[in-house]
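Read through the structure below, which is laid out as structure tokens, and then see the notes.
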Amino acid sequence: MSLFQQPIRVRMAPSPTGFLHIGGARTALFNYLFAKHYKGTFVLRIEDTDKERSTKGYEKAIIEDLGWLGVEWDEGPLKEGSYGPYYQSQRIPTYQKYLKKLEALSKVYPCYCTAEELETERQDLLKRHKTPRYLGKCRNLTQQERKALEAQGRVPVIRFKIDETEPIQFHDLIRGDISVDPTILGDFVISKGDGWPLYNFAAVVDDCEMKISHVIRGEEHISNTPRQILLAKTLGLTLPQYAHVSIILAPDRSKLSKRHGATSVGEYRKMGFLPQALKNYLALLGWNPGDEREMMGEEELAKDFVIERMVKSPAIFDVEKLKWMNGMYIRNSSVEAMTKETLPFLESYGLEIQNKKMPWLNSIIETVRGSVDTLDQIGPAAELFFDEKFSLNAEAKTYLVQNKDKAKEILKTLDDLLAKTPLLEKEEFQKLQAELKEKVDASDKKILFQVQRVAVTGRLKGPEMNMIMPILGVDSCRKRIHITQSALS
RNA sequence: GUCCCCUUCGUCUAGGCCGGUCUAGGACAUCUCCCUUUCACGGAGACGACACGGGUUCAAAUCCCGUAGGGGACGCCA
């Protein structure tokens, strides 16, 4: 199979003009898994040729988010390899070299058209129901004409000449054969006024120079592919194979954007999603293992990841399913690991954790993690274990008032029993409940427990009491009971 | 507008290349029941789809054509 005739090299080529988008992360992940599956190389290349919009801040954020997701690259920034530099801004001489070659072949020419002129042409074409494209006005300018235009102060861009008339065909690993009529393309700009290359030129040169074997990218690039193929063919470069991944859509079937809520990886991290959950979910958007497995760790994903199983229709990003999966990871990972992940969320929620012991925090996480699906829900759920946050909420108060006499009796008895209980582990808790049941008329088991719950946690709902009370300990329980009692009298 | 791509439950998808085994399977969500001192978790079940129209065939979710709908591209952005 031609897939294996060369070393597998793939790349992720983000431009640092924004944060790492959920779609970009998925594309990166597919490249990463593909490389891992075939024991190939995953290259990270920063496409920072847009000087106006690229920032170091975005670059840093993208690298950070990729790292958080665990999508590690083998070559790229911070990991030099033999095909660097990995910043397009540092590869200008390379593009100039290829531009010279194109000039020697007379395949490029300077274009002096202004933005206004181009827009007029575009509108005119649109009006005539034609595909808007550059018609080649500057194609056959004489030397004198060029000089004259430059004397006016016009700075030219460089356009690539398209002479082909035969359809450009290529085989897409996901979509099959794609054919495009080159006459609708128009001579396109490959180099800006300042001499820097444009995307189509820089990308194809780098893909070829970096010996990329498979370009796995978003479907928005399908229409760029014929241009890149033409460029590569003219330059005598060996093309990679292409695989265009469908894009991720918002629930309303439009392109996922800010107005639909969180779109960047960083935002999901802040909301308390686990990288392994996001990775698992993203991998399943547009790919499946061919059987009914869904919960898949990275090793398992890489082992089974093949392009043949990629889906070509676009997928809608369903945060509900992501949440479910995240909850699964929160519940099924080791308690220690989850506590570690949760600590920052506890802190930012305003819980005092500095002087708390790890085993105590672990037991809290273990008790509350069943009811959450993101890490940032753990703060509100764990709050009841922190004495300084104790208070009766409205429905708790109402409940107590409604059952005032019974509540008083239960609490008095409970407090007395607690006073005689030195330690409060689960065993003692059971014993204590048995004694309580004897001393208080417990025909209504529900009231017995609910009163205790409300008095100790201040809430009507929560984890099981046999988990809560041992974690709190005797002193804390009694303190809370006293507070509740005084609220009742 | 033009070109390219896409179309199975509300959503992610299996099946489609090699037509019958598909009264279309799984998962999320929703609903019901069970577990249970509460809320969750967990367990069991229910609801729910081959976009439409032609054709080929004994037989079509699966092959062919058309229509409709959706998306992408058409930049001195990537």
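Computed from a prediction, not measured in an experiment: that's the story for all the values here. Each chain gets a letter, A, B and so on, in the order its sequence line appears, and its residues count up from 1.
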Given the [atom1] atoms of [N] and [M], what is the spacing between them in whole Å?
{"N": "B/G66", "M": "B/C28", "atom1": "P", "answer": "40 Å"}
{"N": "B/C58", "M": "B/G42", "atom1": "C1'", "answer": "50 Å"}
{"N": "B/C31", "M": "B/G53", "atom1": "P", "answer": "34 Å"}
{"N": "B/C65", "M": "B/A24", "atom1": "C1'", "answer": "25 Å"}
{"N": "B/G71", "M": "B/C76", "atom1": "C1'", "answer": "27 Å"}
{"N": "B/G72", "M": "B/U30", "atom1": "C1'", "answer": "33 Å"}
{"N": "B/C18", "M": "B/C77", "atom1": "C1'", "answer": "45 Å"}
{"N": "B/A51", "M": "B/A61", "atom1": "C1'", "answer": "12 Å"}

Check this for me, if you would: do [X] and [Y] make a salt bridge, where the nitrogen-to-carboxylate-oxygen distance has to be below 4.0 angstrom?
{"X": "A/Lys312", "Y": "A/Asp172", "value": "no"}
{"X": "A/Glu219", "Y": "A/Arg175", "value": "yes"}
{"X": "A/Lys397", "Y": "A/Glu395", "value": "no"}
{"X": "A/Asp206", "Y": "A/Arg11", "value": "no"}
{"X": "A/Arg459", "Y": "A/Glu383", "value": "yes"}
{"X": "A/Glu409", "Y": "A/Lys406", "value": "yes"}
{"X": "A/Asp50", "Y": "A/Arg53", "value": "yes"}

## Note on the structure
The contact string for nucleotides 42-53 of chain B, one letter per nucleotide 5' to 3', using protein heavy atoms under 4.0 Å with B, S and - for base, sugar-phosphate only and none, comes out as S-----------
### Query
What string of B, S and - do you get for nucleotides 34-39 of chain B, 5' to 3', when a contact is any protein heavy atom under 4.0 Å?
---BBB
Using the 3.5 Å cut-off, write out each protein N or O paired with an N or O of nucleotides 64-71 of chain B and the distance between them.
none

### Task
Compute the centroid of each ring, for A/Phe390 and then for A/Phe385, and state whether the two points are separated by less than 6.0 Å.
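Centroid separation for A/Phe390 and A/Phe385: 6.0 Å or greater.
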Need the pair for [N]. Rule: Watson-Crick or G-U wobble, both distances under 3.5 Å, any strand; none if unpaired.
{"N": "B/U57", "result": "none"}
{"N": "B/U2", "result": "B/A73"}
{"N": "B/A27", "result": "B/U11"}
{"N": "B/U67", "result": "B/A51"}
{"N": "B/G19", "result": "none"}

Quickly work out the [X] [atom1] to [N] [atom2] distance and round it to whole Å.
{"X": "A/Ile468", "N": "B/A40", "atom1": "CD1", "atom2": "C1'", "answer": "12 Å"}
{"X": "A/Asp177", "N": "B/C6", "atom1": "CG", "atom2": "P", "answer": "11 Å"}
{"X": "A/Met296", "N": "B/A27", "atom1": "CE", "atom2": "P", "answer": "16 Å"}
{"X": "A/Leu185", "N": "B/U2", "atom1": "CG", "atom2": "P", "answer": "18 Å"}
{"X": "A/Ile178", "N": "B/G72", "atom1": "CD1", "atom2": "C1'", "answer": "11 Å"}
{"X": "A/Phe170", "N": "B/C4", "atom1": "CZ", "atom2": "P", "answer": "12 Å"}

### Query
Can you list every ring-ring contact (aromatic ring centres under 6.0 Å, His included) pair that touches residues 159-187 of chain A, not counting sequence neighbours?
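Sorted pair list: A/Phe160-A/Phe188.
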### Task
First locate atom OG1 of A/Thr342, then atom CG of A/Leu375, and finally report the distance between them rounded to the nearest 0.5 Å.
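Result: 4.0 Å between the selected atoms.
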### Summary
Closest to the 5' end of RNA chain B, once A/Ser223 and A/Pro251 are matched to their nearest nucleotides, is A/Pro251
Please determine, by modelled atom types, if [X] and [Y] share a side-chain donor-acceptor pair under 3.5 angstrom.
{"X": "A/Thr225", "Y": "A/Arg217", "result": "yes"}
{"X": "A/His260", "Y": "A/Asp252", "result": "yes"}
{"X": "A/Glu150", "Y": "A/Tyr112", "result": "yes"}

### Query
Under 4.0 angstrom, heavy atoms only, what part of the nucleic acid is A/Gly186 near: base, sugar-phosphate, or nothing?
nothing
### Query
How would you label the contact of A/Arg459 with the nucleic acid (heavy atoms, under 4.0 Å): base, sugar-phosphate, or nothing?
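The answer is nothing, as A/Arg459 stays clear of every strand by at least 4.0 Å.
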### Residue pairs fulfilling salt bridge (Lys or Arg N to Asp or Glu O under 4.0 Å) with at least one residue in residues 182-191 of chain A, sequence neighbours excluded
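Pairs touching residues 182-191 of chain A that pass the test: A/Arg139-A/Asp187.
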### Pairwise side-chain hydrogen bond (donor to acceptor under 3.5 Å, both in side chains) hits with a residue in residues 426-435 of chain A, at least two apart
A/Gln433-A/Gln452
### Pairs flagged by side-chain hydrogen bond (donor to acceptor under 3.5 Å, both in side chains) wherever residues 316-327 of chain A is involved - sequence neighbours left out
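Counting only pairs at least two positions apart or across chains, the side-chain hydrogen bond (donor to acceptor under 3.5 Å, both in side chains) contacts touching residues 316-327 of chain A are A/Glu294-A/Lys321.
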#### Entry: With A/Tyr281, the ring-ring contact (aromatic ring centres under 6.0 Å, His included) member among A/Phe273, A/Tyr329, A/Phe317
A/Phe317
### Message
Under the rule for side-chain contact (heavy atoms from CB on, under 4.5 Å), what residues qualify as partners of A/Gln377, not counting sequence neighbours?
### Response
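Listed in chain order: A/Val372, A/Asp373, A/Thr374.
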### Message
Could you work out, with side-chain contact (heavy atoms from CB on, under 4.5 Å) as the rule, every residue matching A/Thr165, not counting sequence neighbours?
### Response
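Scan of A/Thr165 (side-chain contact (heavy atoms from CB on, under 4.5 Å), adjacent residues dropped) gives A/Thr183.
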### Query
Under a 4.0 Å heavy-atom cut-off, which of residues 123-130 of chain A touch RNA chain B?
A/Leu126, A/His129, A/Lys130
### Message
Determine whether A/His221 and A/Tyr199 satisfy the following criterion, ring pair (Phe, Tyr, Trp, His ring centres under 6.0 Å), listing intermediate values before the conclusion.
### Response
CA-CA 11 Å; A/His221 291 295; A/Tyr199 170 73; 5.1 Å; yes
What N/O pairs connect the protein and nucleotides 76-78 of chain B at under 3.5 Å? Give each pair on its own line.
from: B/C76; atom 1: O2; to: A/Gly193; atom 2: N; distance (Å): 3.1
from: B/C77; atom 1: OP2; to: A/Lys192; atom 2: NZ; distance (Å): 3.1
from: B/C77; atom 1: O4'; to: A/Arg53; atom 2: NH2; distance (Å): 3.2
from: B/C77; atom 1: O2'; to: A/Asp50; atom 2: OD2; distance (Å): 2.9
from: B/A78; atom 1: OP1; to: A/Thr49; atom 2: OG1; distance (Å): 2.6
from: B/A78; atom 1: OP2; to: A/Tyr199; atom 2: N; distance (Å): 2.9
from: B/A78; atom 1: O3'; to: A/Glu47; atom 2: OE1; distance (Å): 2.8
from: B/A78; atom 1: N6; to: A/Asn224; atom 2: OD1; distance (Å): 3.3
from: B/A78; atom 1: N6; to: A/Asn224; atom 2: ND2; distance (Å): 3.3
from: B/A78; atom 1: N1; to: A/Asn224; atom 2: ND2; distance (Å): 3.4

### Task
Quickly, which of A/Val157, A/Asn200, A/Val108 forms a side-chain contact (heavy atoms from CB on, under 4.5 Å) with A/Ile190? Name it, please.
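Running side-chain contact (heavy atoms from CB on, under 4.5 Å) over A/Val157, A/Asn200, A/Val108 with A/Ile190 returns exactly one hit, A/Val108.
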### Query
Is the phosphate of B/A73, meaning OP1 or OP2, less than 4.0 Å from a side-chain N or O of A/Arg227?
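A/Arg227 to B/A73 OP1/OP2: no side-chain N or O under 4.0 Å.
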Restricting to nitrogen or oxygen on both sides, can you table the protein-nucleotides 14-16 of chain B pairs closer than 3.5 Å?
from: B/A14; atom 1: OP1; to: A/Asn288; atom 2: ND2; distance (Å): 2.6
from: B/A14; atom 1: O3'; to: A/Arg309; atom 2: NH2; distance (Å): 3.3
from: B/G15; atom 1: OP1; to: A/Arg309; atom 2: NH1; distance (Å): 3.4
from: B/G15; atom 1: OP1; to: A/Arg309; atom 2: NH2; distance (Å): 3.2

